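Report on the following structure.
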Protein chains: 2
Amino acid sequence: MAENDATSLVRRAFVVLACFSTSDRELSLAQLVARTGLPKATLHRLAGQLIAAGALERSGRNYRLGVKMFELSGAVWAQRVLRDIAMPFLQELYEQTRETVQLAMFDGDAVLYIDRIRGHNTAVLPTFPGGRMPAYCTALGKAMLAFSPAETVNGIIARGLIPLSPRTVTTPNLLIAQLRSIQRTRIAYDAEESVSGVCCVAAPVLGANGRAIAAVSVSATTPRARRLRAESVRSCATRIGQALRDHSPGA
Amino acid sequence: MAENDATSLVRRAFVVLACFSTSDRELSLAQLVARTGLPKATLHRLAGQLIAAGALERSGRNYRLGVKMFELSGAVWAQRVLRDIAMPFLQELYEQTRETVQLAMFDGDAVLYIDRIRGHNTAVLPTFPGGRMPAYCTALGKAMLAFSPAETVNGIIARGLIPLSPRTVTTPNLLIAQLRSIQRTRIAYDAEESVSGVCCVAAPVLGANGRAIAAVSVSATTPRARRLRAESVRSCATRIGQALRDHSPGA
DNA sequence: GCGACGCGTTCCGGACACCGGGACGACATG
DNA sequence: CATGTCGTCCCGGTGTCCGGAACGCGTCGC
């Protein structure tokens, strides 16, 4: 485990917290040891300190993230402002489509999900606010990649297009062609490329400089996806972009 | 500053992170020093470590919370499950009312806001997901207090009912009478008690044991508040409670 | 029942990551 | 120019942190 190279306590603390970022609700001390490579006694003490700080909680003999981590997230300004401004538009898009609506930003090589509106009987997605997915195989990611610097795209291609589903596009030329199309149409599709059985239409939220700040998407199970209206998504994204510019002129 | 008693580095780290939990988007090193009482060199180093961990970011000479803090929040299971399950119902409530809908949990003496749906031209509230407010002067808080152990209520009263607005209820007997009424009706009101110019109707989400797990509210500016339908809010809360029980039988 | 194993908790001598006062350069102001 | 405030860096000192080891508990297989 590369993370046991960490010598700084703060770094170690966040390595431990990050262990919970996957699908695990709770982890035992032994599991944390296995994941971080930190010595058991060290980890036990660190976990105790994280509990005292509210970052972790006990659940029986297991640990889970504490409410403090939720609370601190509200103060992450970039996400909060985007979410606040986008919410009315996302809400309208949901009403127009009756399918799951998602808002995401770009972070590293990944899509970082910011918010989501879903109704009864909408597609069950593995994504959630705070979650991440590789950019190259999600409509949201591609929508943003198409309006990102070429170095970003090239970097992602160089690091490899690992398949996430049987339909993931893994050839650089095909991805680049898709991004070219998105640059023209401002609409990105994900035809079961990230999640089998789910299709997605996304559009980039652009800043004043033409770069992607975020993206909006509508997702549906494949049989229902033919009803997804690209124009609604694109319009929503455009209006969010405008609302952001109105909120922070010069941004 | 009481927090400078902290000797554990983890504790100090979270004291620093908590400085951003208020309304400040960014803080300078000097402001962090003033707020935490930690020595400047110590703080400078700690902030650097938090940056390395992704918990803080630089913005010019200032600091702000980093994207990592948003990302970790997605893994706080209790909030995530509640939010996921409640979302379709919140969405319906928004459509019925066209006013700001909020979902909250109870944490310590405070309401912790979990999610919010708002539209164009809805009331501007100072609350946001991750934010907190005293329980005794918010409809959400009172809805939950009414279905909490008596010790909880007595503790809050003993610690003092500090006014948040000119309309905040600060006499224990009146609060208790309100809670009695809420126990009968399952509806709580906030008539400009927490925020001047804003009224709120809330209902508790009850667990199988009759205790409040969370609460739902609709807020509107005072002139529009007479249209708020208590029955819609109560029905929404009841259905969320049922959905939670279906999701985790025995909880 | 007994031994082995895995788990979490606790102890304690050692050490090194962290501490913080102080120096320094940059910038703003009178 | 002098003063004050800011953020950054240095470095000797030290106390918080480290982690191996021991321990108690529970489970499982023989």
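Bear in mind that the values here come from a model prediction, so they are computed numbers and not experimental data. Each chain gets a letter, A, B and so on, in the order the sequences are listed, and its residues count up from 1.
Panel note: side chain A/R245, backbone A/I240; no donor-acceptor pair is recorded below 3.5 Å. A distance-only check finds no donor-acceptor pair linking the side chain of A/T100 to the backbone of A/R118 [under 3.5 Å].
A cation-pi geometry, defined here as NZ or CZ lying under 6.0 Å from the six-membered ring centre and within 45° of its normal, holds between B/R80 and A/F128.
Relative orientation of the A/F89 and B/H120 rings is perpendicular, given thresholds of 30° and 60° on the angle between their planes.
Taking side-chain N and O atoms only, A/H44 has a distance below 4.0 Å to OP1 or OP2 of C/dT9. Residue A/R58 has no polar side-chain atom (N or O) positioned under 4.0 Å from OP1 or OP2 of C/dG8. For A/S28 and C/dG8, the shortest distance from a side-chain N or O to OP1 or OP2 is below 4.0 Å. When the side-chain nitrogen and oxygen atoms of A/Q49 are compared with OP1 and OP2 of D/dC17, one or more of them lie within a distance under 4.0 Å. Phosphate proximity of C/dG20 to B/R12: present, with a side-chain N or O under 4.0 Å from OP1 or OP2.
Between B/L29 atom CG and C/dA26 atom P the separation is 18 Å, expressed in whole Å. The CG-C1' distance, from B/L38 to C/dC19, rounds to 11 Å in whole Å. Note: CG (A/L46) to C1' (C/dT9) measures 16 Å, nearest angstrom. With rounding to whole Å, B/L43 atom CG is found 15 Å from D/dC9 atom P.
Taking for each of A/N62 and B/R61 the nucleotide of DNA chain C with the nearest heavy atom, the 5'-most of the two is the partner of A/N62. Residue-to-nucleotide proximity on DNA chain C shows that, of B/T42 and A/R45, the 5′-proximal contact is made by A/R45.
Below the 3.5 angstrom threshold, one finds no donor paired with an acceptor across the side chain of B/K40 and the base of C/dG21.
With C/dG22, C/dC7, D/dC18 as the choices, the nucleotide that has an atom nearest any side-chain atom of B/A41 turns out to be C/dG22.
B/L9 comes within 4.0 angstrom of the backbone, heavy atoms only, and of no base.
Note on A/R64 versus A/E57: salt bridge recorded, some NZ/NE/NH1/NH2 to OD/OE distance being below 4.0 Å.
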